[in-house]
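All chains are named by letter (A, B, ...) in the order of the sequence lines, taking the proteins before the strands, and each is independently numbered beginning at 1. What you are looking at is a predicted structure, and each value in this text was computed from that prediction instead of being measured.
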Amino acid sequence: MSQHIISPEITFHTEHSDADFKSRVRKTTILLSVITIIELGIGLLIYNIHKGENPNHTLVLMFKGAVCILTLAKAYYIVSVFMHLGDEIRNMIMTIVVPLMLFIWFIFAFIYDGNSYKNLRNTYDKHFQESAVEKQEKKAEAPAAKPGGKE
Amino acid sequence: MATTATAHQTKWWSGGKSPFNMEYGKLMMWYFLMSDAFTFGAFLISYGSIRFSQNFWADPNVVFNAFPGAGHANLPLAFVSVMTFILIISSVTMVLAVHAGHKGDKAGVTKWIAWTIVGGLAFLSCQAWEWHHLITGEHAVLVDGHVELIGQTMRANPWGKLVEGQAVVDALKNTSHDNLVSLVSMHDHTTSHDVLSAMSNDALINKLDVAELHIREKGPVAFGGYFYGITGFHGFHVFSGVVINIIMLIMTQKNVFEKKGHYLMIEKAGLYWHFVDLVWVFVFLCFYLI
Amino acid sequence: MSEAMHTTSAVSAAHGEHHDEHHGHHKETFITKYIFSQDHKTIAKQFLITGIVWAFIGGLFSVLFRLQLGYPDTKFPILETLFGHWAAGGQITPEFYYALVTMHGTVLVFFVLTAGLSGTFANLLIPLQIGARDMASPFLNMLSYWFFFGASIVMLSSLFIQTGPAAGGWTIYPPLSALGEASIGSKAGMDMWLIGMALFIVSSLLGGLNYISTILNMRTKGMSMTRLPLPIWAMFFTAVLGVLSFPVLLSGAILLLFDRNLGTSFFLSDIVVNGQVLPNEGGSAILFQHLFWFLGHPEVYIILLPAMGMVSEILSVNSRKPIFGYMAMLGSMFAICILAFLVWAHHMFVTGLNPFLGSVFVLLTLLIAVPSAIKVFNWLTTLWRGNIRFTPAALFSIGFVSLFISGGLTGIFLGNSTIDIHLHDTMFVVAHFHIVMGVASFFGMFAGVYHWYPKMFGRYLNNTLGYIHFWVTMIGAYLIFWPMHYEGLAGMPRRYLDKRGWVSFSQFGDLDKMITVVTVIVFAVQLLFIFNFFYSIFKGRKVTTQNPWGANTLEWTTPIRPGHGNWAGEIPEVHRWPYDYAKDGRDFIPQTEPVGANESAH
């Protein structure tokens, strides 16, 4: 019994079988790699959409959302398997996960206010507004300008 | 509050023991990482806030398209994927080191920690190369009606909107001789620098293919600050992780953990290392993918 | 294997081994005992005494700028003697005034009411009240103090440099704080402010992690979470708040350092200084305010919660009644802890924040009134029909409740974004936060010092001086801050050096003089307290009984002057909650007493 008490506060230890553990690590590694490759693929896809004549912004946004979800999945596997949080007592998991909920409001409020700052300046700041207006004009001009450049 | 866990019918919260069956050091490490997550979170969320407050943002696929030894080839995201895989692999070796520690396998710990250190150093080298490339690489930018060559620094961003057509032709006429020479030599590797220097401005402009120039306006300044700030802060974490791992390696070699009877220190170092990997997942998302 | 045996051995191992491991039997020198001590009680005293030194400095600053506000026409030659060109002609210069206001806020909010308050009492009370030999990691605990000391040195030395300390207000809003050319208070003093705060954040992080893991892991046998005395719960939530919110300030401070020294544009955009256009572009000053207040608001509760916890304990002990609504107290502290993270932008209603977002923040802010009201109700009902002993500690606790009510009510005004348009940055705000967070927390701290002084030093503070201290401070605090509400409602701005130019404020001239006079008197009485504190360490009346207040909690089961390790023998086991006062015909039943067969439930 005594060899189990490595630290006074700990009363027992859960042991994994070696083979079990190794296969879990292998599976997670493959999963993380596959997700990363999919993410890179989507990144390149976005790049090609942007290169095209009329980028479809909704589609780009959807792809970006997909990447975010995939990243959260990756984060879940790293924390749960590599950091062994999944093996801890439920209450311990809660003390980590619940405070992370604060990020929801943290992110939403900051982004919302950043966006609002942009709208404010586009409305009241002529100089700042130019950068938005030009973009629209460019898009209309772009097809006409291209053949001219190639001559 | 006094929750009764099912395992062993233990009253976890009744005092006299850890309610999470976890020694205090590991608990402190977890909560430290929570705290650090808020530091990184604040950085990344600030970045998001600024990005949403801009009408235009640089496309990461355009910014990060270089690969060591590949010259000017356009390889978007290639290098960063190498960096990402290095970090994932080093995380796996760290898991194995922690596992070896659980079994009290000194040789295993030594081997896997050493590989983790190698992975960390490789990542840092990659980052050094990337920074160096971004800072020293020159890009043609339209400034006040003429073309200038600037790199990606904290104060300037060369990846604004593409300028096309007549504006480029006009800008080239107002561009200084030296900048034109550099501009031509970027695309023409056969003619020597001296020969180009001797040519007139008009001759130099004639050598340029306006459609291939990719001249841009100045981009959002905050891009550089956030990129160097956040990847730098992450790199600092990787660096300190490597230092911690080296200390762990030395302590393992000196049988410190053997004498203690447990390798819990390795577990804590492992938590820190995985956290560094975790942060990279989000840095990767925010700067390279979206 | 038998579970019971297992746990017993684990417990004895827990405390025995832990004790030996860290503090062995080696001979203690002066340095290991008093300077680089790892004993939580000594570290608590170090925090307290450093905090007192800082409180003296910060308080003195307020006296200096109150002189200017109350007597803008009078010259005080002694000021020129003391401060040279900062007070040329015996009058405080604008730069000096801003530096004083900034450092008064910084010092009192962070160095006194954060480090001095929770640093002192978390360190002192957590191991003693949960039944532990020391903190989970005594070494990191020591580091926590020395990082605080380092932060203090940096902040203190910034007072003595050529260009003076930071002077952009304690909230250090950029662009002012980011541009050295805009104000001398934004030159080197500002860098030192940021570095000092970075060290401070490290200190608070080390402390906070220690408090959390100690409370979770090191509780003695029987001390379940719901048997914890309320100060411990308060310290726990305080530590959680600190651990999760200080890093955000750290991020903001790092970005600001970059803006100041590396030419980045995180917070700067479209700025002209002295007719010169700056190249910075694309940053957002509002972003910094978001980052600052993401810490800044929880900070208010970091300051207030320990005071709340200690007051709950002291009120219960001194009214000889169980605390009313223990679980409601926990629930409301938990609710406050969560809401503290969600309401930060109510400090920013008029700074360009999106009004719709602002209205959500109004809603969340007003929700805080609910747990606050629950707490006030519980304190009053604890006192209700109690057998109150008016010790100085009890008086300060009652004073705390009074201040918390009057300061909290004005918070409802300010939490409404529409009313805030009128009241923002007026003396009304100054009155509000000084009463509810400044003076109230100070009262909690004083209550704690008077109550646990016997445990810290084995002697009592002088009671007569204590009563003088209380009454003058209590009446003085209201005399100082109550009139400021009227000034603020009339529109008088805060942070202004000289308001004589406005006819509308001329009626307040005499009122400002009165406030200044009272400030000087209250400051003098605090000096009396400091005298009492240091005098009593050596000459105070000695404590002769182990449990002088007749309290239930574990710290009173230790020897009168506990050594390192707190209990001479085994750590006592806990059998009941800490508030069994006036129960079954007994005055008090300590936590260590097993529950009797016929005992009524609480």
Evaluate side-chain contact (heavy atoms from CB on, under 4.5 Å) for B:Phe275 paired with A:Ile78, printing each intermediate quantity in order. CA-CA 9 Å; B:Phe275 177 74; A:Ile78 291 174; over 6 Å; no

Take B:Asn74 and A:Tyr47, measure what side-chain contact (heavy atoms from CB on, under 4.5 Å) needs, and give me the verdict at the end. CA-CA 12 Å; B:Asn74 182 23; A:Tyr47 174 55; 2.8 Å; yes

Give the C-alpha distance, both sets of side-chain angles, the deciding distance and a yes or no for side-chain contact (heavy atoms from CB on, under 4.5 Å) between A:Phe82 and B:Met94. CA-CA 9 Å; A:Phe82 284 3; B:Met94 193 75 219; over 6 Å; no

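For a residue to count as touching a neighbouring chain, one of its non-hydrogen atoms must lie under 4.5 Å from one of that chain's; by this rule B:Leu33 touches chain A with the side chain only. Within the 4.5 angstrom heavy-atom criterion, atoms from both the backbone and the side chain of A:Ser33 approach chain B. If you measure heavy-atom distances from A:Thr36 to chain B, the contacts under 4.5 Å come from the side chain alone. Contacts between B:Tyr31 and chain A at a heavy-atom distance below 4.5 Å involve the side chain alone, from C-beta outward. If you measure heavy-atom distances from B:Ala42 to chain A, the contacts under 4.5 Å come from both the backbone and the side chain. Interface remark: A:Val25 contributes side-chain atoms only to the contact with chain B (heavy atom separation under 4.5 Å). Contacts between A:Leu102 and chain B at a heavy-atom distance below 4.5 Å involve the side chain alone, from C-beta outward. Of the two parts of B:Pro19, only the backbone, made up of N, CA, C and O, holds a non-hydrogen atom closer than 4.5 Å to a non-hydrogen atom of chain A. At a 4.5 Å heavy-atom cutoff, the contact between B:Thr84 and chain A is made by side-chain atoms alone. The contact between A:Arg121 and chain B is made entirely by side chain atoms (from C-beta outward), counting heavy-atom distances below 4.5 Å. Interface remark: A:Lys64 contributes backbone and side-chain atoms alike to the contact with chain B (heavy atom separation under 4.5 Å). Contacts between A:Phe106 and chain B at a heavy-atom distance below 4.5 Å involve backbone atoms as well as side-chain atoms.
More than 12 heavy atoms of other residues, nucleotides or ligands lie within 6.0 Å of CZ in B:Phe67, so this atom counts as buried by the packing criterion. Around CZ of A:Phe103, the count of heavy atoms belonging to other residues, nucleotides or ligands within 6.0 Å exceeds 12. No more than 12 heavy atoms of other residues, nucleotides or ligands lie within 6.0 Å of CE in B:Met265, so this atom counts as exposed by the packing criterion. Heavy-atom neighbours of A:Asn56 CG from other residues, nucleotides or ligands within 6.0 Å: above the threshold of 12. No more than 12 heavy atoms of other residues, nucleotides or ligands sit less than 6.0 Å from atom CH2 of B:Trp115.
The closest side-chain heavy-atom distance from A:Phe108 to B:Ile45 is not below 4.5 Å. Side-chain contact between B:Lys26 and A:Glu88 is present, with at least one heavy-atom pair separated by less than 4.5 Å. When side chains are defined from C-beta on, A:Asn115 does not count as touching B:Ser53, because their heavy atoms never get closer than 4.5 Å. Contact check for B:Leu289 versus A:Ile42: no side-chain heavy atoms found under the 4.5 Å cut-off. Between A:Leu44 and B:Pro76, some side-chain heavy-atom pair lies under the 4.5 Å cut-off. Within the 4.5 Å cutoff, the side chain of B:Trp30 has heavy atoms near those of the A:Ile96 side chain. Contact annotation: the side chain of B:Leu96 approaches that of A:Lys22 to within less than 4.5 Å [non-hydrogen atoms, C-beta and beyond]. In this structure, A:Ile37 and B:Phe85 have side chains that are in contact, with non-hydrogen atoms separated by less than 4.5 Å.
Of all the listed residues (A:Leu85, A:Leu32, A:Val81), the one sharing the greatest number of non-hydrogen pairs under 4.5 Å with chain B is A:Leu85. No other option in A:Gly43, A:Gly65, A:Ala109 has as many heavy-atom pairs under 4.5 Å with chain B as A:Gly43. Counting heavy-atom pairs under 4.5 Å between each of B:Leu77, B:Asp277, B:Val169 and chain A puts B:Leu77 at the top. For the options B:Phe284, B:Phe38, B:Phe282, B:Tyr288, heavy-atom pairs under 4.5 Å to chain A are most numerous at B:Phe38. In terms of non-hydrogen atom pairs under 4.5 Å with chain B, the most contact-rich of A:Thr95, A:Asp113, A:Leu100 is A:Thr95.
Note that NE2 of A:His84 is 8.5 Å distant from CG of B:Leu271, once rounded to the nearest 0.5 Å. Atoms NZ and CZ, on B:Lys103 and A:Phe21 in that order, are 8.5 Å from each other to the nearest 0.5 Å. With rounding to the nearest 0.5 Å, the separation of OH in A:Tyr76 from CG in B:Leu278 is 13.5 Å. The line from CZ of A:Phe63 to CD1 of B:Ile290 is 14.5 Å long, rounded to the nearest 0.5 Å. To the nearest 0.5 Å, the span separating CD1 on A:Ile89 from OG on B:Ser18 amounts to 7.0 Å. Note that NZ of A:Lys118 is 9.0 Å distant from CD of B:Gln54, once rounded to the nearest 0.5 Å.
Outside the 6.0 Å centre-distance limit, the rings of B:Phe52 and A:Tyr112 are not counted as a close aromatic pair.
When every heavy atom of B:Ser81 is checked against every heavy atom of A:Leu40, the shortest pair comes out as CB-CD1, 3.2 Å.
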